[in-house]
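This report concerns only the one structure given below.
Computed from a prediction, not measured in an experiment: that's the story for all the values here. For the single chain, residues carry numbers from 1 onward in sequence order.
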Amino acid sequence: MGVAIRTAGEGDRELVVRLLDEAFRDDPVSSWVFPGAEYRRRTHHRLMAAFTDAVLADGRIDVTEDGAACALWLSVPAHEHGGDGPDEGPAQVREAVDPGNERVELIGRLTAGIHPSGRAHEYLWMIGVVPGRQGEGLGTALIASVLDRCDREGLPAYLEASSARSRGLYERLGFELTGEVLDLPDGPRMWPMWREPLSPARR
């Protein structure tokens, strides 16, 4: 039986924010941005809300019908970086989310700095599955639906893996490491990954 997927709208905002908060609260990168479990419990959802609002405005959020998983996508033109730009974007997010936490801004600047430019592509900003439903193939189904379109349209795709486990999943879907691995200062590693579209003969 397939996974039912739909495009989220403004009415799904709270669902998406709650889902991402649950899915990423113990993620290595989130734990670095918001060190300490209680601090993270109080503040992490604000960053997830900022990401959700940005993608609702400029991209697309796919969500499973049961609300257990979602994926945030941006279509990046050839001449632009993905996500927030290298200038005021990360600082604005920090001001809105947690003004005293420089890591909120730093993570935006560092990921923007390694984001490929020069070719249009689909950017998987985040994909989250609620903890009790991980391992059921929901994330794979969400990604595969967009990758199928990328293959038909000849578009590459890009993401940053935030854990070794997710990196393995993305490699199975055809993503490969690209450029330098990003080691966060005194923190975990992120893996920039790129996927070329498959030709009709290889699908």
Side-chain angles (χ1 to χ4, degrees), residues 1-8 16 19-20 22-24 26-30 48 51-52 54-55 58-78 80-83 107 110-112 114-184 188-203:
M1 192 165 115
V3 176
I5 298 169
R6 63 181 176 83
T7 301
V16 172
L19 194 163
L20 292 175
E22 292 179 18
F24 283 95
D26 295 322
D27 178 82
V29 174
S30 289
M48 300 301 102
F51 290 166
T52 299
V55 180
D58 296 321
R60 193 181 83 230
I61 299 178
D62 291 335
V63 61
T64 57
E65 276 292 353
D66 61 5
C70 67
L72 282 61
W73 292 92
L74 290 175
S75 296
V76 181
E80 291 182 10
H81 286 285
I107 189 70
L110 290 174
T111 53
I114 61 171
H115 197 116
S117 59
R119 287 181 68 191
H121 59 275
E122 290 296 311
Y123 175 31
L124 178 57
W125 193 342
M126 301 184 80
I127 183 165
V129 181
V130 294
R133 301 289 305 279
Q134 292 174 2
E136 297 182 14
L138 300 179
T140 299
L142 281 168
I143 299 172
S145 67
V146 174
L147 295 184
D148 286 346
R149 179 172 61 81
C150 286
D151 291 341
R152 291 194 305 271
E153 298 177 2
L155 274 175
Y158 172 75
L159 56 82
E160 300 106 8
S162 61
S163 70
R165 178 184 175 188
S166 63
R167 173 187 166 185
L169 164 65
Y170 301 137
E171 287 176 336
R172 291 193 294 275
L173 290 170
F175 285 86
E176 298 179 351
L177 292 177
T178 179
E180 293 293 324
V181 171
L182 174 59
D183 287 308
L184 299 174
R189 173 166 286 187
M190 297 182 75
W191 293 269
M193 305 186 76
W194 183 266
R195 180 187 183 274
E196 289 291 337
L198 297 181
S199 65
R202 295 174 58 201
R203 290 178 208 164

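- For the atom pair CD1 (I143) and CG (L124), the distance works out to 5.5 Å, reported to the nearest 0.5 Å.
- Salt bridge annotation for D27-R165: absent, with no cationic side-chain nitrogen under 4.0 angstrom from a carboxylate oxygen.
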Derivation of the side chain to side chain contact (heavy atoms under 4.5 Å, CB included) call for R195 and D151 = CA-CA 10 Å; R195 180 187 183 274; D151 291 341; 2.8 Å; yes
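- Taking the side chain as every heavy atom from C-beta outward, V146 and R60 approach each other to under 4.5 Å.
- Looking at T111, its side chain does come within 3.5 Å of a backbone N or O of I107 through a donor-acceptor pair.
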Trace of the side chain to side chain contact (heavy atoms under 4.5 Å, CB included) decision for F175 with L147 = CA-CA 10 Å; F175 285 86; L147 295 184; 4.0 Å; yes
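- When side chains are defined from C-beta on, T7 counts as touching D62, because their heavy atoms get closer than 4.5 Å.
- Scanning both residues, A68 and L138, for their nearest heavy atoms gives CB-CD1, 3.9 Å.
- Of all heavy-atom pairs between G154 and P156, the closest is O-CD, 3.9 Å.
- Between A8 and V63, the shortest heavy-atom contact is CB-CG1, 4.1 Å.
- Taken to the nearest 0.5 Å, the CG atom of L159 stands 13.0 Å off from the CG atom of L72.
- Scanning all heavy atoms of the two residues, the minimum distance from V55 to W73 falls at CG1-O, 3.5 Å.
- With values rounded to the nearest 0.5 angstrom, I61 atom CD1 is found 12.0 Å from I127 atom CD1.
- The distance from atom OG of S162 to atom CH2 of W191, rounded to the nearest 0.5 Å, is 8.5 Å.
- Two residues are said to be in side-chain contact when any heavy atoms from C-beta on lie closer than 4.5 Å; E153 and P197 fail this criterion.
- Atoms CD1 and CG, from I5 and L142 in turn, are 4.5 Å apart once rounded to the nearest 0.5 Å.
- Within the structure, the salt bridge (charged side-chain N to carboxylate O under 4.0 Å, His left out) test picks out the following pairs touching residues 171-181 (sequence neighbours left out): R167-E171.
- Applying the salt bridge (charged side-chain N to carboxylate O under 4.0 Å, His left out) definition to pairs two or more places apart or across chains, those involving residues 135-147 are R133-E136.
- Put simply, NE2 on H115 and OG1 on T178 are 10.5 Å apart, with the number rounded to the nearest 0.5 Å.
- Here the closest heavy-atom approach between residue A69 and residue L19 is recorded as N-CD1, 3.4 Å.
- For W194, the ring pair (Phe, Tyr, Trp, His ring centres under 6.0 Å) test picks out H121, with sequence neighbours left out.
- Nearest heavy atom pair, residue A23 against residue Q134, reads O-NE2, 4.4 Å.
- Salt-bridge annotation for R119 and E196: present, with a side-chain N of the basic residue lying under 4.0 Å from a carboxylate O of the acidic one.
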